[in-house]
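Written below as C-alpha coordinates is the structure these notes are about.
Worth saying up front: this structure is predicted, and the values here are computed from it rather than measured. Because only heavy atoms are used, hydrogens play no part in the values below, and waters and symmetry mates are left out as well, while side chains stay in. We're numbering straight along the sequence, starting at 1.
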Amino acid sequence: MQLIDAEGTNHGTVPTDQALRMAEEAGLDLVEISPNSEPPVCKILDLGKLKYANQKKAAEARKKQKIVEIKEIKMRPNIDTHDYDVKMKAMNRFFEDGDKVKVTLKFRGREMAHQELGMKLLLQVKEDTVAIAKVEAEPKLEGRQMMMVLAPR
(Lines give C-alpha, C1' and ligand atoms only; values in the text may rest on other atoms or scores of the structure.)
Protein backbone atom coordinates (compact mmCIF):
# COMPACT_ATOMS: atom_id res chain seq x y z
CA MET A 1 0.00 0.00 0.00
CA GLN A 2 1.01 3.62 -0.59
CA LEU A 3 1.64 5.25 2.83
CA ILE A 4 1.42 8.90 3.85
CA ASP A 5 2.35 9.77 7.44
CA ALA A 6 0.79 12.36 9.79
CA GLU A 7 3.06 15.17 8.49
CA GLY A 8 2.04 14.43 4.88
CA THR A 9 5.34 12.76 3.87
CA ASN A 10 4.93 10.04 1.24
CA HIS A 11 6.75 6.82 2.26
CA GLY A 12 6.02 5.06 -1.05
CA THR A 13 4.83 1.46 -1.20
CA VAL A 14 4.98 -0.17 2.26
CA PRO A 15 3.74 -3.61 3.47
CA THR A 16 0.51 -3.51 5.54
CA ASP A 17 2.05 -4.86 8.77
CA GLN A 18 4.85 -2.25 8.64
CA ALA A 19 2.28 0.54 8.04
CA LEU A 20 0.22 -0.64 11.01
CA ARG A 21 3.37 -0.72 13.19
CA MET A 22 4.28 2.85 12.14
CA ALA A 23 0.74 4.07 12.97
CA GLU A 24 0.87 2.35 16.37
CA GLU A 25 4.25 3.95 17.16
CA ALA A 26 2.85 7.37 16.28
CA GLY A 27 -0.19 6.67 18.50
CA LEU A 28 -2.55 7.30 15.57
CA ASP A 29 -4.78 5.27 13.24
CA LEU A 30 -4.10 3.88 9.77
CA VAL A 31 -6.93 5.12 7.52
CA GLU A 32 -7.55 3.95 3.97
CA ILE A 33 -7.99 7.11 1.89
CA SER A 34 -8.29 5.73 -1.65
CA PRO A 35 -9.15 2.00 -1.71
CA ASN A 36 -9.78 1.78 -5.49
CA SER A 37 -6.37 3.03 -6.63
CA GLU A 38 -3.48 0.69 -7.39
CA PRO A 39 -1.82 0.38 -4.85
CA PRO A 40 -4.39 1.56 -2.24
CA VAL A 41 -3.50 4.82 -0.48
CA CYS A 42 -3.45 4.87 3.34
CA LYS A 43 -2.70 7.71 5.72
CA ILE A 44 -1.61 7.81 9.36
CA LEU A 45 -3.91 10.21 11.21
CA ASP A 46 -6.31 10.57 14.13
CA LEU A 47 -9.60 9.00 13.01
CA GLY A 48 -11.61 10.86 15.68
CA LYS A 49 -10.38 14.24 14.39
CA LEU A 50 -11.15 13.21 10.79
CA LYS A 51 -14.73 12.21 11.67
CA TYR A 52 -15.21 15.42 13.66
CA ALA A 53 -13.96 17.58 10.76
CA ASN A 54 -16.25 15.77 8.28
CA GLN A 55 -19.20 16.20 10.65
CA LYS A 56 -18.50 19.95 10.97
CA LYS A 57 -18.21 20.33 7.19
CA ALA A 58 -21.57 18.55 6.67
CA ALA A 59 -23.26 20.73 9.33
CA GLU A 60 -21.91 23.89 7.65
CA ALA A 61 -23.24 22.73 4.26
CA ARG A 62 -26.68 22.05 5.77
CA LYS A 63 -26.74 25.49 7.39
CA LYS A 64 -26.23 27.22 4.03
CA GLN A 65 -29.11 25.37 2.32
CA LYS A 66 -32.25 27.31 1.44
CA ILE A 67 -35.51 25.42 1.77
CA VAL A 68 -37.83 26.48 -1.05
CA GLU A 69 -41.36 26.92 0.19
CA ILE A 70 -44.51 27.04 -1.90
CA LYS A 71 -46.60 30.10 -1.06
CA GLU A 72 -50.22 30.25 -2.18
CA ILE A 73 -52.09 33.25 -3.56
CA LYS A 74 -55.87 32.83 -3.77
CA MET A 75 -57.99 34.88 -6.15
CA ARG A 76 -61.46 34.98 -7.63
CA PRO A 77 -62.22 35.50 -11.35
CA ASN A 78 -63.83 38.93 -10.85
CA ILE A 79 -60.99 40.40 -8.71
CA ASP A 80 -60.74 44.20 -8.62
CA THR A 81 -57.64 45.99 -9.96
CA HIS A 82 -56.42 47.22 -6.55
CA ASP A 83 -56.85 43.78 -4.98
CA TYR A 84 -54.97 42.30 -7.95
CA ASP A 85 -52.12 44.81 -7.44
CA VAL A 86 -51.87 43.91 -3.74
CA LYS A 87 -51.67 40.19 -4.62
CA MET A 88 -48.99 40.93 -7.24
CA LYS A 89 -46.88 42.85 -4.70
CA ALA A 90 -47.08 39.90 -2.32
CA MET A 91 -46.14 37.55 -5.16
CA ASN A 92 -43.10 39.69 -6.06
CA ARG A 93 -42.00 39.62 -2.41
CA PHE A 94 -42.24 35.81 -2.38
CA PHE A 95 -40.12 35.59 -5.55
CA GLU A 96 -37.47 37.86 -4.01
CA ASP A 97 -37.28 35.49 -1.03
CA GLY A 98 -36.72 32.61 -3.47
CA ASP A 99 -40.06 30.87 -2.87
CA LYS A 100 -42.39 29.31 -5.42
CA VAL A 101 -45.93 30.66 -5.75
CA LYS A 102 -49.08 28.64 -6.40
CA VAL A 103 -51.84 30.84 -7.79
CA THR A 104 -55.29 29.40 -7.05
CA LEU A 105 -58.41 30.77 -8.69
CA LYS A 106 -61.68 29.66 -7.07
CA PHE A 107 -64.94 29.57 -8.99
CA ARG A 108 -68.27 29.79 -7.14
CA GLY A 109 -71.74 29.13 -8.44
CA ARG A 110 -72.36 30.38 -11.97
CA GLU A 111 -68.75 31.56 -12.34
CA MET A 112 -68.04 28.02 -13.61
CA ALA A 113 -69.83 28.99 -16.83
CA HIS A 114 -67.16 31.64 -17.50
CA GLN A 115 -63.91 29.76 -17.09
CA GLU A 116 -62.37 31.85 -19.87
CA LEU A 117 -62.32 34.81 -17.42
CA GLY A 118 -60.25 32.73 -14.99
CA MET A 119 -57.88 31.64 -17.74
CA LYS A 120 -57.54 35.26 -18.87
CA LEU A 121 -56.68 36.33 -15.29
CA LEU A 122 -54.03 33.60 -14.88
CA LEU A 123 -52.50 34.52 -18.24
CA GLN A 124 -52.40 38.15 -17.03
CA VAL A 125 -50.53 36.99 -13.88
CA LYS A 126 -48.12 35.04 -16.09
CA GLU A 127 -47.57 38.13 -18.28
CA ASP A 128 -46.98 40.43 -15.28
CA THR A 129 -44.39 38.11 -13.71
CA VAL A 130 -42.54 37.07 -16.89
CA ALA A 131 -39.46 39.14 -15.94
CA ILE A 132 -38.98 37.62 -12.48
CA ALA A 133 -40.66 34.20 -12.65
CA LYS A 134 -41.13 31.23 -14.93
CA VAL A 135 -44.20 29.02 -15.17
CA GLU A 136 -43.57 25.63 -13.59
CA ALA A 137 -47.11 24.29 -14.04
CA GLU A 138 -49.42 25.75 -16.68
CA PRO A 139 -52.95 26.82 -15.62
CA LYS A 140 -55.23 23.80 -15.25
CA LEU A 141 -58.74 23.28 -13.93
CA GLU A 142 -59.24 20.87 -11.02
CA GLY A 143 -62.84 20.73 -9.91
CA ARG A 144 -63.93 24.27 -9.06
CA GLN A 145 -60.38 25.70 -8.90
CA MET A 146 -57.88 26.68 -11.53
CA MET A 147 -54.22 26.47 -10.51
CA MET A 148 -50.82 27.59 -11.80
CA VAL A 149 -47.37 27.28 -10.18
CA LEU A 150 -44.67 29.90 -10.73
CA ALA A 151 -40.99 29.66 -9.71
CA PRO A 152 -38.46 32.50 -9.40
CA ARG A 153 -35.92 32.90 -12.22
Side-chain angles (χ1 to χ4, degrees), residues 1-77 79 82-107 118-153:
M1 73 174 64
Q2 186 82 17
L3 182 69
I4 301 168
D5 67 7
E7 286 82 43
T9 311
N10 192 342
H11 289 279
T13 307
V14 176
T16 307
D17 56 334
Q18 185 183 344
L20 283 168
R21 207 174 317 110
M22 288 173 72
E24 203 172 293
E25 286 170 10
L28 298 170
D29 304 306
L30 184 67
V31 180
E32 195 173 29
I33 303 295
S34 178
N36 298 332
S37 64
E38 193 56 47
V41 179
C42 292
K43 193 171 185 179
I44 296 174
L45 49 81
D46 188 357
L47 187 61
K49 280 186 181 177
L50 178 71
K51 283 184 177 178
Y52 179 75
N54 288 344
Q55 195 175 5
K56 280 289 187 192
K57 198 185 296 180
E60 192 65 33
R62 274 195 308 273
K63 193 191 296 183
K64 289 180 182 169
Q65 283 181 341
K66 164 82 172 95
I67 293 121
V68 176
E69 292 181 37
I70 296 183
K71 303 286 188 174
E72 187 172 17
I73 298 283
K74 292 185 178 182
M75 296 184 188
R76 296 277 311 282
I79 189 168
H82 180 264
D83 296 334
Y84 177 80
D85 293 340
V86 170
K87 301 274 186 185
M88 291 308 291
K89 278 184 189 171
M91 217 179 289
N92 289 336
R93 193 175 66 241
F94 295 149
F95 290 135
E96 286 168 12
D97 294 342
D99 296 324
K100 292 181 181 181
V101 176
K102 176 179 172 184
V103 183
T104 305
L105 199 65
K106 278 200 171 166
F107 293 99
M119 187 58 83
K120 187 175 161 190
L121 181 65
L122 287 181
L123 292 176
Q124 180 67 41
V125 169
K126 182 176 169 180
E127 212 174 279
D128 291 346
T129 60
V130 76
I132 55 169
K134 59 182 180 281
V135 177
E136 204 166 78
E138 289 293 331
K140 65 174 185 260
L141 187 71
E142 287 181 10
R144 290 191 158 273
Q145 332 187 52
M146 199 174 275
M147 283 183 270
M148 174 172 72
V149 180
L150 299 164
R153 285 201 185 271

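- Note: M91 CE to K102 NZ = 13.5 Å, rounded to the nearest 0.5 Å.
- The closest side-chain heavy-atom distance from E127 to L123 is not below 4.5 Å.
- When atom types are taken as modelled, the side chain of T129 and the backbone of V125 share a donor-acceptor pair closer than 3.5 angstrom.
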message: Does Y84 form a side-chain contact (heavy atoms from CB on, under 4.5 Å) with M75? I'd like the steps, not just the answer.
response: CA-CA 8 Å; Y84 177 80; M75 296 184 188; 4.3 Å; yes
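- D29 pairs in a side-chain contact (heavy atoms from CB on, under 4.5 Å) with only one of the listed residues (L45, L50, D46), which is D46.
- Taking 4.5 Å as the limit, every side-chain heavy atom of L28 sits out of range of all side-chain heavy atoms of M22.
- Contact detail for E32 and P40: the closest heavy-atom pair is OE2-CB, 3.8 Å.
- Of all the heavy atoms in A133 and F95, the pair that sits closest is CB-CZ, 3.5 Å.
- Counting only heavy atoms from C-beta outward, the side chains of M146 and L141 approach each other to under 4.5 Å.
- Here K134 contributes atom NZ and K100 contributes atom NZ; the two are 8.0 Å apart, rounded to the nearest 0.5 Å.
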- request: Applying side-chain contact (heavy atoms from CB on, under 4.5 Å), run through I79 and K87 and close with a yes or a no.
  value: CA-CA 10 Å; I79 189 168; K87 301 274 186 185; 4.2 Å; yes
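- Environment of CD in E24: sparse, with no more than 12 heavy atoms of neighbouring residues, nucleotides or ligands closer than 6.0 Å.
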message: Between I73 and T104, is the side-chain contact (heavy atoms from CB on, under 4.5 Å) condition met? List the steps.
response: CA-CA 6 Å; I73 298 283; T104 305; over 6 Å; no
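- Once rounded to the nearest 0.5 Å, the distance linking CD1 of I4 with SG of C42 reads 9.0 Å.
- Distance CD/E142 to CD/Q145: 7.5 Å, rounded to 0.5 Å.
- Between L3 and L30 there is a side-chain heavy-atom pair separated by less than 4.5 Å.
- Legend: salt bridge (charged side-chain N to carboxylate O under 4.0 Å, His left out) pairs involving residues 68-77, not counting sequence neighbours, sorted by first then second residue: E69-K71, R76-E111.
- Partners of K126 according to the salt bridge (charged side-chain N to carboxylate O under 4.0 Å, His left out) rule, which considers only residues two or more places apart in sequence or in another chain, are E138.
- Under the 3.5 Å distance criterion, the side-chain polar atoms of D5 are matched with a main-chain donor or acceptor of E7.
- Here the closest non-hydrogen pair linking I44 and A26 is CG2-CB, 4.4 Å.
- With hydrogens and angles left out, the side-chain atoms of E96 and N92 include no donor and acceptor closer than 3.5 Å.
- A 4.5 Å side-chain heavy-atom check between V41 and M1 finds every atom pair outside the cut-off.
- Contact detail for P139 and L122: the closest heavy-atom pair is CB-CD1, 3.7 Å.
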